[in-house]
Protein chains: 2
Amino acid sequence: MSKELPEWEKAREEFVVQWGSLGTQWGIPRTMAQIHALLMTAPEPMCTDDVMERLEISRGNAHTNLKDLVGWNLVRIITKKGDRKEYFEAEKDVWKIFITISKERKRREIEPAINLLRDCAARTKDEAVGPGKDFHQQMQDLDEFLSFGVKVADTVISMKHASALQWAMRLLG
Amino acid sequence: MSKELPEWEKAREEFVVQWGSLGTQWGIPRTMAQIHALLMTAPEPMCTDDVMERLEISRGNAHTNLKDLVGWNLVRIITKKGDRKEYFEAEKDVWKIFITISKERKRREIEPAINLLRDCAARTKDEAVGPGKDFHQQMQDLDEFLSFGVKVADTVISMKHASALQWAMRLLG
DNA sequence: TCACACTTTCATTAAAAACTGAAAATAATG
DNA sequence: CATTATTTTCAGTTTTTAATGAAAGTGTGA
């Protein structure tokens, strides 16, 4: 007797697989994106074996990617009493997911870039004319833009969903 | 006699190399990011051979990545009269770069995701209770969030830098 | 129309990234 | 403390992605 999945589980299957492909285009490992999709749509927290079985992947792979997701603060570990296994549960609130990803990307991707730009700007601060000056200016422009973006992001990150929505609605007119 | 680079060119060298590494963390091919960095800081448009020589990469590699950057609208082709070579010039205006990247990412990454979410939501629209309903709701929430984000992005994309700045300043208080 | 300058493609190779599976480490239980 | 359940690591393998370099294609001008 095979497992005849209910309709919503078929849609979920599709979601997981496709989210995985989209992930790779985003530069996110396929398995990580799939696990995230799986957990975002999980009625209950899942353990490593659940994930392994569902996605037909190895223990090492499941483990590593689950822990990476925890490192991204997109997934948290749940323990049930009388059970020594770890269960994993994804944040499902879309606004919270957005905030979390914004924070992490800022930290991992934007801030290192800003550091590089500042370093390059500092090294050329005495260039007064020509290409050297232009280079310095370009580094500074990029730095200012990203730094300003970070400020905006920090503000949004600190907002409640409702306030952010209100604010954005005003923009849309 | 070796080429003793001026100070700003050393900083540029650093910028190109490091921007390349940052790129890979972003999911952008190293060479593509390096070429982009090189062109963003180029006093003059560069031809394929210039890029090959500077980055010590093959013709095929240089060609493919230059054309990919053109496909991203981050670089445009310049022709000089009396010269049949193509020269490449990157957009240097930070705000324009931002707009361009936003547009492309929307098209390549967000819109396909929205399509998937809508499909999954549609397939489960009749689920009235329990996990099936929750799944449907989750797909809808994600869809709504991303669609709203696209609207905001479209508005920002259509704004002049100055207006966007003014608007953001208001947010920052 | 031939030769040349340049661009594009693509089969092959190289490099990087992701995944496996099993062993080692850890920690809970009795 | 010994057993057992579970997590973590990692050397080796597979898969994917990127880069090479040479050949094919294109189009311009003599």
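Labels below follow one simple rule: chain letters A, B, ... track the order of the sequence lines, proteins then strands, and each chain is numbered from 1.
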*In plain terms, say whether A/Glu13 and A/Arg54 are close enough for a salt bridge, that is, a side-chain N and a carboxylate O under 4.0 Å apart.*
yes

*asked:* Are the side chains of B/Leu66 and B/Leu39 in contact, using a 4.5 Å heavy-atom criterion?
replied: yes

*Nearest 0.5 Å please: distance from the NZ atom of A/Lys92 over to the CD atom of B/Gln138.*
6.5 Å

*DNA chain D contacts made by residues 52-59 of chain A, counting heavy atoms under 4.0 Å*: A/Arg59

*List, by chain and then residue number, the residues other than B/Tyr87 in its hydrophobic cluster (Ile/Leu/Val/Met/Phe/Trp/Tyr, side-chain heavy atoms under 4.5 Å); write none if there are no others.*
B/Ile78

_Quick check on the hydrophobic clustering: are A/Leu55 and A/Met52 connected, directly or via other members, by side-chain heavy-atom contacts under 4.5 Å?_
no

*Mapping A/Arg30 and A/Thr48 onto DNA chain D by nearest heavy atom, which one lands closer to the 5' end?*
A/Thr48

*Extract, from 5' to 3' on DNA chain C, the first and final nucleotides lying under 4.0 angstrom from some heavy atom of chain B.*
C/dC4 to C/dT9

*Results of ring pair (Phe, Tyr, Trp, His ring centres under 6.0 Å) for B/Phe15 - residues two or more places apart only*: B/Trp19

*Sequence neighbours excluded, which residues qualify as salt bridge (Lys or Arg N to Asp or Glu O under 4.0 Å) partners of A/Glu109?*
A/Arg105

*asked:* Both A/Ala62 and B/Phe88 contact DNA chain C. Taking the nearest nucleotide for each, which residue is further toward the 5' end?
replied: B/Phe88

*asked:* Under 4.0 Å from a heavy atom of chain A: give me the 5'-most and 3'-most nucleotides of DNA chain D that qualify.
replied: D/dT4 to D/dT9

*asked:* Can you list, by chain and residue number, the hydrophobic cluster partners of A/Val129 when the side-chain cut-off is 4.5 Å?
replied: none

*asked:* At a heavy-atom distance below 4.0 Å, what parts of residues 16-25 of chain B sit against DNA chain D?
replied: none

_B/Val17: hydrophobic cluster co-members (side-chain, 4.5 Å)_ = none

*Neighbour count >12 (heavy atoms, 6.0 Å) for atom NZ, B/Lys103*: no

*asked:* Check this for me, if you would: do A/Glu89 and A/Arg76 make a salt bridge, where the nitrogen-to-carboxylate-oxygen distance has to be below 4.0 angstrom?
replied: yes

*Which pair of heavy atoms, one from B/Ala33 and one from B/Gly23, lies closest together, and at what distance?*
CB-CA, 4.1 Å

Please list every donor-acceptor pair under 3.5 Å in which a side-chain atom of residues 151-173 of chain A meets a protein atom from a residue at least two apart or in another chain.
{"from": "A/Asp154", "atom 1": "OD1", "to": "A/Lys106", "atom 2": "NZ", "distance (Å)": "2.9"}
{"from": "A/Thr155", "atom 1": "OG1", "to": "A/Lys151", "atom 2": "O", "distance (Å)": "3.0"}
{"from": "A/Ser158", "atom 1": "OG", "to": "A/Thr155", "atom 2": "O", "distance (Å)": "2.8"}

*asked:* Below 4.0 angstrom, which residues in residues 72-87 of chain B have at least one non-hydrogen atom near DNA chain D?
replied: B/Arg84

*So, the side chain of A/Lys85 versus the backbone of A/Thr48: is there a donor-acceptor pair under 3.5 Å, distance only?*
no

*asked:* Going by the rule ring pair (Phe, Tyr, Trp, His ring centres under 6.0 Å), which residues pair with A/Trp72 if we only count those two or more places apart in sequence or in a different chain?
replied: none

